[in-house]
Q: 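Okay, handing you the structure first.
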2 protein chains.
Amino acid sequence: MNGSDLELRDLRYFVAVAEELNFKRAAERLGITQPPLSRAIQTLERRLGVALLIRTTRRAELTDAGRTLLRESRHVLDAAEAAVRRTTRAAQTAGELVVAVKPGGHAGLLKDIVAAYEAVPGAVPVRMALGGWGEQSAMLRAGHADVALVRDLFDTRGLDHEVVVAEPRLAVLRRDHPLAGADVLTRRQLLHLPVPYWPGASPRLARYRAALDLLPGAEEAPRGPRAADLVQLLEIVAMGECVAFLSASTAGQYPHADLVHVPVVDISPSVVSVAWPQEARSRAVAEFVAAALRVAARETGRGEARGDTTRGDAHGDTPPGDAPW
Amino acid sequence: MNGSDLELRDLRYFVAVAEELNFKRAAERLGITQPPLSRAIQTLERRLGVALLIRTTRRAELTDAGRTLLRESRHVLDAAEAAVRRTTRAAQTAGELVVAVKPGGHAGLLKDIVAAYEAVPGAVPVRMALGGWGEQSAMLRAGHADVALVRDLFDTRGLDHEVVVAEPRLAVLRRDHPLAGADVLTRRQLLHLPVPYWPGASPRLARYRAALDLLPGAEEAPRGPRAADLVQLLEIVAMGECVAFLSASTAGQYPHADLVHVPVVDISPSVVSVAWPQEARSRAVAEFVAAALRVAARETGRGEARGDTTRGDAHGDTPPGDAPW
DNA sequence: CTCACTTACGTGACGCGTAAGAATC
DNA sequence: GATTCTTACGCGTCACGTAAGTGAG
């Protein structure tokens, strides 16, 4: 089987069954009856020459091959949906550049970057697409946006990116906290403090991004409460025995009488990147990325942003997806 | 249209038409007659609500949306083929790890890496898949291999990777060349010399990878002849007014009486990476990558490989596709 | 016995092929 | 007028639904 008679229907059916592990419920979800679904999966297995599920009449279970196909099928189906979306968008919004951003997550660079891009000859109109934490990369993958400005890009699957700025990450502590008086702190000193996390992220992820999980002994570290947004996160820190980690620019945007910011010497910087789908080949995206890197170089050049913002390697004329020169 | 009635058949048909720009030839290629193909494309356009081609009865031309769909369709179809291949391979070769390598392209690390991986408890048998220049990444994307050891990974689309070693890249010159006596060279001094290229690569790419194209004035630079393999490349340099660029380890493997190696101070290093499909989540792949980074750390640690090989940032316990800490 | 999956069978829709029509060079 | 794409029409296949069968709890 060379895959030339495989159809998306087969994959949609298989995903439903693999997720439900139950043919009846899967069939309901697909809006068909069980028998055709059974037959479809059987045919698929026969064509692939592979057992995908071990079925007892009572319950179904995925084989290794089945788990592989589930993961791959989701990828293919996502790619197909993105294909449709990008195609329709290419026709409807020809000559428009959609930029996915999170409000306030861009170290104040967005305005300058957009201005720099719009100054380029032949620039197309820019439209902003706002989204919550972590939604920007999903918007790129799904074909809802052409390019994104994101802080701390985490899952780069399917995306290319360039670092725009790396800012120091500060520990945010209650003013009367024992550690609040220090000039600088180390990760180790903060290891015992809970870190609040945010919707869509796990406590593990919050600590991981704060680089605390990478330290030995982090297993016994406490997990923090959940914060709905940034203001709430600051309130949580202001109330109790928590620490939060914010980029210098974000911390500066939200001053709070009860809180102090202390640099952490050995923590990873907070990185703002431009990102775009790996298969993107449009002139507008390339020029927006170039504009972002120019702005970043300019900002760094004039010693801006509290003096220790560092620029990403702005090899402006290398094509996307390139070796790191 | 949410894409839920799109099928791979539609994409296969569209790709054929978009590539041939001729319904008759496309139909022949697909093994059907023209009328169904015309209807299929029409239906597709109607469902997407988008014009994909502007047809005169004499010739067809792609619209912007059509170009987008062509690119996206290839991606979806490749993903579907890879899905089939990975699924069948998961069943047939359960518990086997296929490593794609180019003979001699790995700075001599392959044996150590494989040994380090096989020493891990629970390691599965390793199989080597040899391929020519640049084929390794294609093998990963197509699902023929699980992991690859590649030099100068260029197109990272769909792949994650970690740098194993970065070696200095040397200029290879004929012994009696005027520049051959220098202790070190700069890219600028070599700009006027042609660079031979290899099958599957363009002269542009050869120069680009030598970082010569990044210099101002590179447009007027001469293009070199084509070399079928490494030995032939060295012969070309030994014969004429050419320069080639090799990593220190590769150059050391192929000594040649008429050639000398001169370090180039401002050239990019030659980078050996481990790469794997971004969606890979298998334990074997993760452990192979970890083993590679351990070996790299060990090699660097004992000051091996001519003393200036540098290790990639081996953050061994971060998950794939992570922020660059 | 019940419930879930499979096998059997009839029907309808969809896609293919042949044939005829329209438009460009 | 030749060539290429489109429209028209008949047919076969394939996937669906209903109904009956099988096996595990």
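Numbers restart at 1 for each chain; the letters A, B, ... are given by sequence-line order, proteins then strands.
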Q: Treating A:Asp160 as the side-chain partner and A:Trp276 as the backbone partner, does any N or O pair qualify as donor plus acceptor under 3.5 Å?
A: no

Q: Restricting to salt bridge (Lys or Arg N to Asp or Glu O under 4.0 Å), what partner residues turn up for B:Arg29, sequence neighbours left out?
A: B:Glu19, B:Glu20

Q: Please list all pairs meeting side chain to side chain donor-acceptor pair (under 3.5 Å) that have one or both residues in residues 90-101 of chain B, counting only residues at least two apart or in different chains.
A: B:Glu96-B:Arg127

Q: Can you tell me how far the CZ atom of B:Arg85 sits from the CZ atom of B:Arg141, to the nearest 0.5 Å?
A: 13.0 Å

Q: Taking only Lys NZ, Arg NE, NH1 and NH2, and the carboxylate oxygens of Asp or Glu, determine whether B:Arg157 and A:Glu279 approach each other closer than 4.0 Å.
A: no

Q: For the pair made of CZ in B:Arg39 and C1' in C:dC14, what is the distance, rounded to whole Å?
A: 8 Å

Q: Within this structure, what is the CD-to-P distance between A:Glu61 and C:dA4, rounded to whole angstrom?
A: 18 Å

Q: For DNA chain D, determine which residues of residues 19-38 of chain A have any heavy atom closer than 4.0 angstrom to one of its atoms, and list them numerically.
A: A:Gly31, A:Ile32, A:Thr33, A:Pro35, A:Pro36

Q: Distances for protein N/O vs nucleotides 21-25 of chain C N/O pairs under 3.5 angstrom?
A:
unit_1 : atom_1 : unit_2  : atom_2 : d
C:dT24 : O4'    : B:Thr57 : OG1    : 2.7

Q: Is A:Gln136 reaching over with its side chain to a backbone N or O of A:Leu149, donor-acceptor style, under 3.5 angstrom?
A: no

Q: Tell me: CG of B:Leu6 to C1' of C:dG15, nearest whole Å?
A: 16 Å

Q: Tabulate below the donor-acceptor pairs under 3.5 Å that side-chain atoms of residues 32-43 of chain A make, not counting sequence neighbours, or state none.
A:
unit_1  : atom_1 : unit_2  : atom_2 : d
A:Thr43 : OG1    : A:Arg39 : O      : 2.7

Q: How many whole angstroms separate atom CG of A:Leu44 from atom P of C:dT6?
A: 13 Å

Q: Within the distance-only criterion (no hydrogens, no angle test), does the side chain of B:Arg9 pair as donor or acceptor with the backbone N or O of B:Leu6 below 3.5 angstrom?
A: no

Q: Rounded to the nearest Å, what distance is computed from the CD1 atom of residue B:Ile41 to the C1' atom of nucleotide C:dC16?
A: 15 Å

Q: Can you tell me if B:Arg86 uses its side chain to pair, donor with acceptor, with the backbone of A:Thr68 under 3.5 Å?
A: no

Q: Decide if atom CZ of B:Arg283 counts as having more than 12 heavy atoms of other residues, nucleotides or ligands within a radius under 6.0 Å.
A: no

Q: Heavy atoms of chain B, cut-off under 4.0 Å: which first and last nucleotide of DNA chain D, 5' to 3', fall inside that, if you could look?
A: D:dT3 to D:dT7

Q: For residues B:Ala145 and B:Leu140, report the shortest heavy-atom separation together with the two atoms involved.
A: O-CD2, 3.6 Å

Q: What integer distance in Å separates B:Gln42:CD from C:dC14:P?
A: 16 Å

